[in-house]
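The structure appears right after this line, and notes come after that.
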Amino acid sequence: MANDAGNYTFGIDEAAMSVIALSCVRNQADVTSAMDLGVKYILNKKKNDGSFGNEYTTSLALQAFDAVSHPDLTGLKKNAISVLLKAMGEDGSFQSISAATHVMPVLANKTYADIRVICRKGTSAPMSTTTPGQPISFTITLQSTRLSPGTTRRFTVTTNNGTSLYYAMRELEAGEVGFSFTSRQTSWGVSITSLMGVASSSKERIYWQMLQSPSSPLTTTADKFYPNDGDDIIFRLVTYEGTLVG
Ligand SMILES: *[C@@H]1O[C@H](CO)[C@@H](O)[C@H](O)[C@H]1NC(C)=O
Ligand SMILES: *[C@@H]1O[C@H](CO)[C@@H](O)[C@H](O)[C@H]1NC(C)=O
Ligand SMILES: *[C@@H]1O[C@H](CO)[C@@H](O)[C@H](O)[C@H]1NC(C)=O
């Protein structure tokens with residue numbers, strides 16, 4: 001792969017993914033020049049508004065910058081992020097799930113290389129630009145009579161220690177195990193607006209309460225909560241008064 005750096009049939013998207021992938025093995029092989037080539041390629045294609053194309057491409061480009069973590073790129077990232085944020089709907093959503101999936105890691109200063117599975121494939125290299133955590137495993141339990149099938153669903157999440165609940169949920173969703181959720185960026189953090197298609201509703205005065213098993217309500221938003229190995233995080237659809245929605 002390193003030999004092919006600089007020739008990207010699929011443009012920025014491919015260059016960015018190459019840089020991100022190369023960052024996985026940088027402690028094992030000298031891939032610095034290949035990464036530099038990829039970044040140069042991306043920089044040459046910067047648009048006048050500071051973006052690198054659509055939300056998807058811009059997000060990948062920014063993840064590549066994060067992967068090389070060069071201080072000179074910080075300003076560029078800021079500009080491009082402000083373009084990205086303009087594309088965000090008033091409710092904090094992006095046009096499409098796939099755009100949001102790419103944008104979210106960027107806002108969290110993460111790259112796809114932080115997702116275990118990409119870097120673990122065929123290599124035992126350290127995973128990311130940030131200090132990798134130990135692998136941990138925890139469960140997410142959903143409780144609502146509105147779920148189908150059943151009133152309880154449980155998912156096991158395997159991720160790195162230090163990954164936020166929110167980001168772990170994104171990983172779980174990407175894992176295609178049937179888990180899905182929507183969220184909204186608020187001024188205090190990410191708010192979970194629906195799980196498995198079951199939405200919170202101010203009209204109905206119901207929301208998804210988050211608890212650490214057995215019954216401690218989380219005191220922070222999902223993006224600021226860091227699960228521990230063995231945790232069971234419960235999402236329970238309750239009324240504003242706290243009773244389970246029956
Ligand atoms: C880039 O790849 C294309 C298609 O494989 C090839 O035709 C071209 O010669 C390559 N260019 C360089 C500079 O390697
Ligand atoms: C991401 O990095 C930027 C620039 O270093 C910093 O200002 C911002 O707070 C970071 N965001 C998160 C979520 O860590
Ligand atoms: C995860 O990190 C926390 C805080 O750094 C630490 O207390 C805990 O022991 C770690 N757990 C594992 C399984 O490494």
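For ligands, and for the atoms within them, numbers begin at 1 and follow the listed sequence.
- Between Glu204 and Arg146 there is a salt bridge, since at least one side-chain N of the basic residue sits less than 4.0 Å from a carboxylate O of the acidic one.
- When side chains are defined from C-beta on, Tyr207 counts as touching Val238, because their heavy atoms get closer than 4.5 Å.
- If you look at ligand 3, the protein residues with a non-hydrogen atom under 4.0 Å away are Gln134, Ile136, Asn161.
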### Query
Please walk me through it: do Thr193 and Thr182 pass side-chain hydrogen bond (donor to acceptor under 3.5 Å, both in side chains)?
CA-CA 5 Å; Thr193 48; Thr182 59; 2.7 Å; yes

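- In this structure the side chain of Leu142 never reaches within 4.5 angstrom of the side chain of Thr152, judged on heavy atoms.
- Proximity of Arg154 to Thr139: side-chain heavy atoms (C-beta onward) are separated by under 4.5 Å at one or more points.
- Under a 3.5 Å cut-off, the side chain of Thr57 and the backbone N or O of Asn54 do not form any donor-acceptor pair.
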